[in-house]
2 protein chains.
Amino acid sequence: MAERGRPRSFDRAAALQRAMQVFWERGYEGASLGDLTAAMGINRPSLYAAFGCKEALFREAVALYNDIEGVATERALREQPTARAAVEAMLRGNADAYAAPEKPGGCMIVLAGALGTPENEAVRNHLAECRRDGLDALRRRLERGVAEGDLPPGTDTAALAAFYTTVLQGLSIQARDGASRATLAEIIDCAMAAWDTLAKPRTKV
Amino acid sequence: MAERGRPRSFDRAAALQRAMQVFWERGYEGASLGDLTAAMGINRPSLYAAFGCKEALFREAVALYNDIEGVATERALREQPTARAAVEAMLRGNADAYAAPEKPGGCMIVLAGALGTPENEAVRNHLAECRRDGLDALRRRLERGVAEGDLPPGTDTAALAAFYTTVLQGLSIQARDGASRATLAEIIDCAMAAWDTLAKPRTKV
DNA sequence: GCCATTACGTACCAATCGGTACATAAAAGG
DNA sequence: CCTTTTATGTACCGATTGGTACGTAATGGC
């Protein structure tokens, strides 16, 4: 009763994953319907019947990306015992993923909708919201660190979260530019070197 | 003798500057010929006669961008007395420019060619080279600091340059996402907090 | 004045863009 | 069996893409 009519002849989840890879590699506007259908192994009408339109497909691809590639971040923030360990694990886990040779370099959320036509502003705004969510999650983890005592009270968690988010986003550019895992690791070494200085109440006014 | 035939009826330099603004705002692929000619106040054939093709126009726009927006960086790296002061001045000067309300947010070199069609890979490679040039310039300034004694010998200038380049590039994303000058300044505060720890010979193996 | 040269605006090109109409095929329900 | 429902492949849509052909206008050289 749940399934009437001709059954779908392709694996929707697998097709979506292929679409995600194309968007990840070429960005929203750089991925044409032809690119997408070719990678997904289906024809245009099947795509529209299953996903609605290009933008809806992209939003599903973004959600899938967050599910697949975002778990490492969530786990790091949740399971690491201290704020510092959480931030460092998050950075290193993402850096490893960004430089993985079998995947497009860098983060799809950061790269796939950087600039483009005003017509597609909604898509870019959606990605910007995802980035904002990441920033907020990081900040909440830092505040948990304050609450649990591994960060001193008065720590500027907003500034700290903005800083490490900035580093994380910069890593995406570096990864797309071909930086090796080792280079990304060194960058993170540098970023973490600031921690002990930052994890104190603000000395300035 | 130098000028024969009908004289050009528009200011080539002014038109190029308008084109630069469009590319800066929408990226290479997001800027259509219609957008460009409208902003430049000329018709298509005039554009092609004066600049060759879209890619050549973009390359000139990038060169102009480097001339206009890159001087602050060059000056900071050249005139500041120490490596630390040079890096900090470069970051703060660029952050101020990235968040200037009358200009598109962030750096055109970082944003205008993030992802796109394989057809335009040459354009993205050109921007990547520009980014590499910035990284190299920063590293040379750090090595000058070692030579002049304000950085200890054995300082890992490559890692330091990669780190501050990553922060700088991350600032472009933040600026496009609407971060204020104050927020960018706080991020730079955090990045500079790592300096004293980093400006020492490597302690690790 | 006349010619060579260059720039101009109009009007066009093939190719590609995202999106669909439509006839057909394959399943469940009766 | 027939009907209903959904999916598929082909072939198409108007709009937009980057790029030009071409006749005309404006200049310097002679």
Side-chain angles (χ1 to χ4, degrees), chain A residues 1-16 18-19 22-23 25-61 112-113 115-124 126, chain B residues 1-16 18-19 22-23 25-61 112-113 115-124 126:
Chain A
M1 62 191 261
E3 315 213 358
R4 306 227 318 182
R6 180 173 176 173
R8 184 176 288 124
S9 66
F10 63 94
D11 182 339
R12 190 184 190 277
L16 177 58
R18 297 286 184 80
V22 175
F23 282 127
E25 201 171 332
R26 308 190 177 185
Y28 178 72
E29 294 182 7
S32 73
L33 265 293
D35 297 331
L36 291 164
T37 53
M40 299 164 84
I42 62 177
N43 291 106
R44 237 168 270 225
S46 298
L47 188 154
Y48 279 86
F51 298 98
C53 65
K54 188 189 180 185
E55 182 173 339
L57 173 64
F58 181 71
R59 290 180 123 96
E60 282 204 54
L115 266 50
T117 313
E119 182 188 346
N120 294 320
E121 199 184 345
V123 169
R124 289 191 297 279
H126 178 61
Chain B
M1 60 192 262
E3 316 215 358
R4 305 227 319 182
R6 181 173 174 173
R8 183 177 289 124
S9 64
F10 63 95
D11 183 337
R12 190 184 190 277
L16 177 58
R18 299 283 184 82
V22 175
F23 282 129
E25 202 171 331
R26 308 191 176 184
Y28 178 72
E29 294 182 7
S32 74
L33 265 294
D35 297 331
L36 292 164
T37 53
M40 299 163 86
I42 61 177
N43 292 106
R44 261 184 187 85
S46 298
L47 188 154
Y48 278 85
F51 298 98
C53 65
K54 189 189 181 187
E55 181 173 339
L57 173 63
F58 181 71
R59 291 179 121 96
E60 281 203 54
L115 266 50
T117 313
E119 181 188 347
N120 295 320
E121 198 184 344
V123 169
R124 290 191 296 280
H126 179 59

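Naming convention: chains lettered A, B, ... in sequence-line order (proteins, then strands); numbering from 1 in each chain.
- Contact check on Glu60(B) versus Arg12(B) returns a salt bridge, with a Lys/Arg side-chain nitrogen under 4.0 Å from an Asp/Glu carboxylate oxygen.
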Checklist entry - Does the pair Leu57(A) and Leu16(A) meet the rule for a side-chain contact (heavy atoms from CB on, under 4.5 Å), with working shown? => result CA-CA 8 Å; Leu57(A) 173 64; Leu16(A) 177 58; 3.8 Å; yes
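- Between Ser46(A) and Asn43(A), the side chains place no donor N or O within less than 3.5 Å of an acceptor N or O (distance only, hydrogens not considered).
- Counting to the nearest Å, the P atom of dT10(D) and the CG atom of Asn43(A) are 6 Å from each other.
- Looking only at side-chain heavy atoms (C-beta outward), Glu25(B) and Asp35(B) stay at 4.5 Å or farther from each other.
- With hydrogens and angles ignored, no donor-acceptor pair closer than 3.5 Å exists between the side chain of Arg44(B) and the base of dG9(C).
- Distances were taken from every side-chain heavy atom of Lys54(A) (C-beta onward) to each of dA21(D), dG19(C), dC8(C); the shortest belongs to dG19(C).
- Close to dT8(D), at under 4.0 Å from its OP1 or OP2, lies a side-chain N or O of Ser9(A).
- A cation-pi arrangement is present between Lys54(B) and Tyr28(B), with the terminal nitrogen or guanidinium carbon under 6.0 Å from the aromatic centre and inside a 45° cone about the axis.
- For the pair Glu3(A) CD and dG29(C) P, the computed distance is 10 Å after rounding to whole Å.
- In this entry the distance linking OH of Tyr48(A) with P of dG18(C) reads 7 Å, nearest Å.
- For the pair Arg124(A) (side chain) and Thr117(A) (backbone), a donor-acceptor distance under 3.5 Å is present.
- Here dA7(D) presents its C1' atom at 11 Å from CD1 of Ile42(A), a figure rounded to the nearest Å.
- Contacts of Pro7(A) with the nucleic acid, taken as non-hydrogen atoms under 4.0 Å apart, involve only primed sugar atoms and P, OP1 or OP2.
- Summarising the geometry, the separation between CD on Glu55(B) and C1' on dT17(D) is reported as 16 Å, rounded to the nearest angstrom.
- Rounding to whole angstrom units, CD of residue Glu119(B) and P of dA15(C) are separated by 14 Å.
- Checked by distance alone, Arg4(A) brings no side-chain donor or acceptor within 3.5 Å of a matching partner on the base of dA27(C).
- The nearest whole Å value for the distance from the CG atom in Asp11(A) to the C1' atom in dA7(D) is 15 Å.
- Judged by distance alone with a 3.5 Å cut-off, a donor-acceptor contact links the side chain of Arg6(B) to the base of dA25(D).
- Applying a 4.0 Å cut-off to non-hydrogen atoms, the residues of residues 25-41 of chain B that approach DNA chain D are Ala31(B), Ser32(B), Leu33(B), listed by residue number.
- When the P atom of dA7(D) is taken as reference, atom CZ of Phe51(A) falls 12 Å away, rounded to whole Å.
- No donor-acceptor distance shorter than 3.5 angstrom exists from the side chain of Arg59(A) to the backbone of Val123(A), with no hydrogens or angles considered.
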